[in-house]
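The structure under discussion appears below in the form of structure tokens.
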There are 2 protein chains.
Amino acid sequence: MQELNTQNTLREKIATFLREAIVKGELRPCQRIQEIEIAERYQTSRTPVREALRQLEAEGFLMIRARRGAIVSPITEKDITEFYEIRGLLESFAAEKAMSLITPEEIEYMRQLNGKIKESFSKADVQGILRTHNEFHEVIVHACGNERLINLIKNLATQHQRFRIVLSHTHSVLDSIKEHDEIIAALRAKDSRRLIEAVRTNSENGCRALIEKIRAINGQKAISIN
Amino acid sequence: MQELNTQNTLREKIATFLREAIVKGELRPCQRIQEIEIAERYQTSRTPVREALRQLEAEGFLMIRARRGAIVSPITEKDITEFYEIRGLLESFAAEKAMSLITPEEIEYMRQLNGKIKESFSKADVQGILRTHNEFHEVIVHACGNERLINLIKNLATQHQRFRIVLSHTHSVLDSIKEHDEIIAALRAKDSRRLIEAVRTNSENGCRALIEKIRAINGQKAISIN
DNA sequence: TTTGCTTCTACTTTATACCAAATAAAAGAA
DNA sequence: TTCTTTTATTTGGTATAAAGTAGAAGCAAA
């Protein structure tokens, strides 16, 4: 068993720890990451740390300059704009492909997840909102059948998660729930245009909200972000 | 000067060498890559080799299983289908964005490049065809303004190059030139729909041709590819 | 004899420790 | 202060030990 190839090597463990720390915002944008420091924290030598850093660079979480070390990727307005453009495009495409493959059961499951989001919202359970929100989007994407596309979007989703947490923002949850309802309705109706439109709108609203947030932060104090 | 951060470290050099070897087909799909072998060939220790291997894994050229080593990524029919779907989508999107940003001079340059392709074709200069063909596509993509998107497509283009070379295939050059003419015409006319359609068609035809090729190869002998 | 399982050996990757080179920081001179 | 020189810190690279995997050899059962 255990065909999963993950989590066995130190490199993987360290990469996972660091990725989570970056996504959670414990490691701030532009913060310097030193090999020795990480190695000492996890009681290892520097080699697996270095490999983990390179991996995170490839995933877009770190920037490494030769002989000058790594910093956590900054979050600029341009990043967010570019990011949402790509994500909206890929996700609406995935949704369109998923429409002909998705089962009624999966659509029903999405409906339940959207209900769960509402529930978490009423309990002010931010973690729950984020987790369920992500699962909602994953269901559609996974139904598209294109594995390469699924992996691409998965990475983008992780980075997206980081944007939201670091800028401590979940774009108006009630609006989001309504947008999800529209996505479900379009899937049920098998209306391709309507679906693409709904996914795009959802993405664009998310983008707009984050942009406003980052402008507010940069307006206040030009530190740490950007 | 030299803000370019490339080519200074051994890791970068080795990664570049290996990437080229894979793209050129000197390293065949599924071929095993051993650290020590590469290290000896380039007269280095194994550490920079390993970092290069991890980088190429992230770029999609290698597959690495923990404690079992690396192999050159196989090329399956599914890979090609999935690949073209994504590339067609991203490139048509980039083209659409580029339309409002591209200058008349750049369009004229594209026209010249297309002429060059024709010229290389008449000389049976395959290298020249591929190089100029890539440059043609790069001009559009670079005009789109979304750097993240440009990088994404750049990586896909390199993998695409590999598919074509390894399957020793340049999809009917004369057709391709006509399709390029249509792209140029759509850009001149500032006709968004026509442009997207043209880029998609170009991509789809390329895909169809490669699929036929890989089926022919797999039909003959089930070795080496897949 | 063949097949299937276990044990053992050899090889390859993973991790450690150490050295070299380059950059950043600090100290000294103009 | 500003520029140069020196020192210190950190990354990049080498050499080597440890751990895990694959394959060979040996044995038991069919």
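Naming convention: chains lettered A, B, ... in sequence-line order (proteins, then strands); numbering from 1 in each chain.
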**Request:** Answer yes or no: does a side-chain N or O of B:Arg68 lie under 4.0 Å from OP1 or OP2 of D:dA19?
**Result:**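 So the side-chain polar atoms of B:Arg68 never come under 4.0 Å of the phosphate oxygens OP1 or OP2 of D:dA19.
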**Asked** For C:dA15, does OP1 or OP2 lie under 4.0 Å from any side-chain N or O of A:Ser45?
**Response**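 No, because none of the side-chain N or O atoms of A:Ser45 sits under 4.0 Å from OP1 or OP2 of C:dA15.
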**Message:** Check this for me, if you would: do A:Glu57 and A:Arg54 make a salt bridge, where the nitrogen-to-carboxylate-oxygen distance has to be below 4.0 angstrom?
**Reply:**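 Yes, A:Glu57 and A:Arg54 are salt-bridged.
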Could you give the [atom1]-to-[atom2] distance, from [X] to [N], as a whole number of Å?
X	N	atom1	atom2	value
B:Tyr42	D:dG13	OH	C1'	18 Å
A:Glu51	C:dT16	CD	C1'	13 Å
A:Ile14	C:dT14	CD1	C1'	12 Å
B:Glu35	C:dT14	CD	C1'	8 Å

**Request:** For A:Gln112, look at atom CD and say whether over 12 heavy atoms of other residues, nucleotides or ligands are found less than 6.0 Å away.
**Result:**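 More than 12 within 6.0 Å, yes.
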Per [X] side chain, nearest of listed nucleotides [options]:
X	options	result
B:Arg50	C:dA15, C:dC18, D:dG20	C:dA15
B:Gln34	D:dG13, C:dT14, C:dT12	C:dT12
A:Arg46	D:dT11, C:dT14, D:dT14	D:dT11

**Message:** Looking only at side-chain N and O atoms, does A:Asn134 offer a donor or acceptor that is under 3.5 Å from a partner on A:Arg131?
**Reply:**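 Side chains of A:Arg131 and A:Asn134: no pair found under 3.5 Å.
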**Message:** Please classify the nucleic acid contact of B:Leu53 as base, sugar-phosphate, or nothing, using heavy-atom distances under 4.0 Å.
**Reply:**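 Here B:Leu53 touches no strand at all.
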**Message:** Here's a test of your reading of the structure: between A:Gln43 and A:Arg67, which maps to the more 5' nucleotide of DNA chain C?
**Reply:**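 Of the two residues, A:Gln43 wins.
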**Request:** For residues B:Leu113 and B:Thr132, report the shortest heavy-atom separation together with the two atoms involved.
**Result:**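 That would be O-CG2, 3.4 Å.
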